[in-house]
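Each ligand, and each atom within it, is numbered from 1 in the order the structure gives. Here the structure is a predicted model, which is why all the values come from computation and not from measurement. Just so you know, residue 1 is the first one in the sequence shown, and it goes up from there.
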Amino acid sequence: MEESRNGLSRRQALGAISWAALAVGMTANPALATPKRAGKPSDAAKKAFVDDLIKRMTVDEKIGQLRLISIGPEMPHAKLMDEVAAGRIAGSFNTVIRRDNRPLQEAAVKRSRLKIPLFFAYDVVHGHRTTFPIPLGLASSFDMAVIERMARVSAVEACNDGVDMTFAPMVDIGHDPRWGRTSEGFGEDPYLVSECARASVRGFQGTSPDKPDTIMAAVKHFALYGAVEGGRDYNTVDMSPLRMRQTYLPPYKAAIDAGAGGVMVALNSINGVPATSNTWLLQDLLRKEWGFKGVTVSDHGAITELTRHGVARDNREAAKLSIKAGIDLSMADQVYLAELPGLIASGEIKMAEIDACVREVLGAKYDMGLFADPFLRMGKPEDDPVDVKADSRLNRQPAREIARETIVLLENRNQTLPLKKQGTIALIGPLADSGLDILGSWSAQGVPEQAVTLRAGLEAAIEGKARLVTARGSNVIDDQKVVEYLNFLNWDKPEVVQDPRSIEAMIEEAVSVASQADVVIAAVGELRGMSHESSSRVSIDMPGSQRRLLQALKATGKPLVVVLMNGRPLAIGWEKDNADALLETWYTGTEGGNAIADVLFGDHNPSAKLPISFPRSVGQIPTYYNALRIGRPYTEGKPGNYTSQYFEEAQGPLYPFGFGLSYSRFTLKDLKLSATRLKRGQKLSAEATLTNEGSYEGANVVQLYIADPYASIARPVKELKGFQKVTLKPGESRVVRFEIGEDELKFINGELKEVVENGRFDVQLGLDSHDVLVQSFELV
Ligand code: BGC
């Protein structure tokens with residue numbers, strides 16, 4: 001039996017459904033006599049089915065349907081089977097092997113009184129068997145087809161393992177890179193993250209979550225988890241309603257509008273009220289205002305944590321608050337089981353309140369197609385894969401193609417890149433050959449030994465053409481306490497294996513290896529556990545002795561290509577100034593080494609852009625580009641005292657949102673608006689000419705920003721409102737056009753109403769958020 005909570009562990013796994021068998025071999029649950037459905041179930045049929053079932057349920061069975069359980073020390077597999085047979089479990093998460101899950105499902109549909117099927121959930125965040133780039137990397141593609149493809153392939157792999165629901169997408173806006181979960185999100189911008197949210201849901205759920213090759217998406221973490229104070233995980237969130245609605249809430253809404261069947265509720269409090277007991281959040285906003293019709297699930301142990309938030313006296317009160325707020329499913333805690341019977345008996349919780357939660361859980365199972373066929377995604381035992389980890393179960397080609405799209409070229413002096421496949425290449429750095437780290441955190445069933453490291457990718461690319469020489473050069477981190485902390489995060493076995501040599505000895509070896517080479521590639525950054533849940537940092541500097549290593553490599557005088565692997569923006573001022581080429585690769589996943597090699601050698605021309613600004617130093621946080629206007633802004637060219645700035649270093653981010661280079665040189669010129677006055681209800685277009693002036697075919701992302709310089713409240717200095725990725729041949733030009741109407745101009749006003757106000761708007765088109773062409777029009 002394999003189970004995981006945090007996705008960091010390397011676990012065994014599963015087997016593949018034969019799709020042909022799935023198509024013909026679906027076995028309906030006879031006890032429930034649900035008719036097989038063709039196409040989308042009607043709401044009326046679903047309601048009638050669920051209502052009828054609820055009428056036949058005992059109180060204990062209802063409470064059972066509110067429990068989502070993970071196998072662990074207190075819940076071994078055998079005990080779970082008995083609990084399931086007794087009708088006391090709704091679903092399980094982290095069990096992802098068909099031969100483990102089948103007996104559980106059989107216990108549910110053969111032994112339990114009402115034969116209500118279980119559902120199986122898992123954190124399929126950026127892959128399942130195959131690991132794709134981390135979400136921050138996926139967002140860098142600025143290509144929604146890439147994200148949808150990642151989610152689609154992951155869903156099919158997860159279905160092959162009998163998974164019905166994913167706890168994804170994670171759409172928490174990240175403004176503070178100290179927060180370790182920045183890596184799991186899609187960056188800082190509400191428009192981009194909302195697009196990514198929609199694309200993910202489309203990919204996971206396909207046409208409907210009741211198909212054998214689709215899974216239900218439970219968007220998380222509702223809400224505002226990315227705004228934990230100081231970037232310290234699980235910390236409190238205090239935020240104005242305006243900022244919530246303007247910046248943080250839109251991505252969750254986008255996922256829900258795209259049809260996400262579930263919502264996972266955040267661990268943090270919001271203005272003093274934990275999300276888990278937050279009636280405003282879960283009832284007024286989610287259900288009433290947004291019309292969400294799916295299932296809500298608490299985060300891990302969050303109900304009992306209400307006592308630690310200090311809003312519940314004990315578990316009994318915690319259970320009561322959660323039910324009243326609208327937490328349908330309790331994840332991994334026993335509080336509902338222990339406390340709800342007493343609360344119902346005393347009348348503190350009404351049966352109608354319990355029924356409302358049960359209705360959503362059963363409704364979700366219905367929507368996942370499980371009443372029609374509890375084994376929909378599990379198939380028949382004879383089709384179970386013999387080797388669950390077989391390489392043939394991976395989707396390597398999509399993984400490589402997707403990963404290439406997520407690599408951001410930050411510097412390329414003297415056209416150091418692309419490299420030629422000739423001569424001697426030195427590959428140095430503690431992340432050069434780590435199959436584990438390249439997967440990133442939350443790598444689901446990704447197997448480090450199946451990951452192509454950068455070393456393996458380079459070797460394959462230059463085989464027979466050039467020589468590769470290698471040295472480790474340093475450890476990622478030097479601080480033993482930090483190593484111990486990171487190893488404690490992992491449940492199976494320690495992840496961080498330190499090289500016992502002194503830093504001096506390692507650097508000496510690295511310099512000697514580098515001096516034999518024509519070019520040096522340095523793979524540096526963070527261990528994947530450093531960008532994970534519960535991995536907040538006080539500094540965003542290059543950790544450990546890696547900077548010393550880079551300085552020593554620079555001193556050799558060889559061209560230095562720095563390949564960054566990290567899950568958050570780092571303060572890489574030195575690397576910016578000193579590397580001949582600088583590539584932000586994030587964590588690229590199973591095919592990462594091949595994808596990075598494709599970029600290094602020019603087999604793929606990079607086109608990704610940063611989905612989050614890079615601060616110069618930790619003290620500059622936050623550096624998000626779409627900040628509100630202020631009275632004393634720092635102005636480039638005429639800074640002056642008494643303007644808003646940090647006086648010890650340069651202003652503005654090191655790299656702005658939307659920034660990323662190409663091997664080709666692109667220009668954007670001639671911004672034209674189709675009109676200088678826009679009447680309400682009408683649209684105007686903004687167009688500019690993108691030209692590839694370089695000698696490589698390549699893509700660039702044209703970004704549309706809109707600024708509203710005068711309104712009833714202070715507005716952001718600019719906001720992303722559209723983007724288009726355009727591929728051009730050398731010498732080719734194309735006119736790129738955006739439509740602008742009230743949708744692009746509306747905002748939330750001081751009364752929290754969505755409005756469009758007349759006046760001047762600045763249209764900005766650029767290849768990043770900083771360097772833009774500007775034209776204005778008047779809304780009348
Ligand atoms: C995380 C969630 C995750 C859940 C289940 C929690 O610790 O916050 O994001 O979905 O565990 O693995």
Side-chain angles (χ1 to χ4, degrees), residues 2-9 11 13 67-72 75 90-96 119-128 134-136 154 158 161 163-174 179-186 197 200 204 215-228 231-235 237 251-252 255 260-269 274-276 295-305 308-309 327-333 440-446 488-492 528-529 531-536 567:
E2 295 158 305
E3 65 86 33
S4 103
R5 196 195 131 206
N6 61 7
L8 273 175
S9 322
R11 267 156 285 263
R67 297 179 66 217
L68 181 59
I69 294 297
S70 173
I71 293 182
M75 188 62 83
S92 104
F93 67 107
N94 290 340
T95 54
V96 289
F119 75 96
F120 298 94
Y122 193 45
D123 289 283
V124 182
V125 178
H126 57 110
H128 179 67
I134 57 167
L136 200 57
S154 305
D161 279 350
V163 173
D164 306 301
M165 178 192 277
T166 175
F167 302 136
M170 191 282 216
V171 301
D172 305 323
I173 294 276
W179 191 47
R181 304 195 81 169
T182 301
S183 59
E184 276 176 68
F186 297 111
S200 306
F204 287 132
I215 53 179
M216 181 174 277
V219 59
K220 68 187 183 188
H221 304 83
F222 191 63
L224 323 182
Y225 185 24
V228 284
R232 183 160 52 78
D233 209 0
Y234 318 125
N235 203 359
V237 173
Y252 308 105
V263 167
M264 184 188 289
V265 178
L267 293 163
N268 53 279
S269 64
T276 306
V295 69
T296 58
V297 53
S298 74
D299 201 345
H300 205 279
I303 296 178
T304 191
E305 284 172 20
R308 280 178 243 144
H309 278 286
I327 300 283
D328 302 326
L329 272 166
S330 73
M331 183 196 287
D333 64 32
S441 77
W442 296 102
S443 54
Q445 294 294 310
F488 168 75
L489 272 180
N490 184 277
W491 286 16
D492 280 0
R528 69 167 183 166
S531 280
H532 183 59
E533 181 177 348
S534 194
S535 295
S536 299

**Request:** Indicate yes or no: at least one non-hydrogen side-chain atom of Arg181 is less than 4.5 angstrom from one of Asp172.
**Result:**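 Arg181 vs Asp172: side chains apart.
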**Prompt:** Which word best sums up how the rings of Trp442 and His532 line up, parallel for under 30°, tilted for 30 to 60°, or perpendicular for over 60°?
**Reply:**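 Rings of Trp442 and His532: tilted, as their planes differ by 30° to 60°.
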**Message:** Within the structure, is a non-hydrogen atom of Arg181 found at a distance of less than 4.0 Å from ligand 1?
**Reply:**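 Contact present.
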**Request:** Decide whether the shortest distance between a heavy atom of Glu184 and an atom of ligand 1 is less than 4.0 Å.
**Result:**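 No.
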**Request:** For Phe186, check ring pair (Phe, Tyr, Trp, His ring centres under 6.0 Å) against everything at least two apart and list the hits.
**Result:**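 If we apply the ring pair (Phe, Tyr, Trp, His ring centres under 6.0 Å) test to Phe186, skipping adjacent residues, there are no hits.
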**Message:** Applying ring pair (Phe, Tyr, Trp, His ring centres under 6.0 Å), can you list everything that pairs with Phe120, at least two apart in sequence or on another chain?
**Reply:**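 For Phe120 there are no ring pair (Phe, Tyr, Trp, His ring centres under 6.0 Å) partners, ignoring immediate neighbours.
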**Message:** Tell me the contacting part of Met264 for ligand 1: side chain, backbone, both, or neither, using a 4.0 Å heavy-atom threshold, strictly below.
**Reply:**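 The side chain, only.
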**Message:** Give the atom numbers and elements of ligand 1 that come within less than 4.0 Å of a heavy atom of Lys220.
**Reply:**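 Near Lys220, the atoms of ligand 1 are 2 (C), 3 (C), 9 (O), 10 (O).
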**Atoms in ligand 1 with a heavy atom of His221 nearer than 4.0 Å** =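 Those qualifying, in numeric order: 2 (C), 8 (O), 9 (O).
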**Prompt:** Is His300 close to ligand 1, meaning an N/O of one under 3.5 Å from an N/O of the other?
**Reply:**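 No: no nitrogen or oxygen of His300 is under 3.5 Å from one in ligand 1.
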**Asked** Is the closest N or O pair between Glu533 and ligand 1 shorter than 3.5 Å?
**Response**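 So ligand 1 has an N or O lying under 3.5 Å from an N or O of Glu533.
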**Message:** Main chain of Val263, side chain of Thr296: is a donor-acceptor contact present, judged purely on distance under 3.5 Å?
**Reply:**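 Not at all, since once roles are kept as given, no pair shorter than 3.5 Å links the two residues.
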**Message:** For a quick check under 3.5 Å, do Gln445 and Tyr122 share a side-chain donor-acceptor pair by atom type?
**Reply:**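 Their side chains do contain a donor-acceptor pair, which is all the 3.5 Å distance test asks for.
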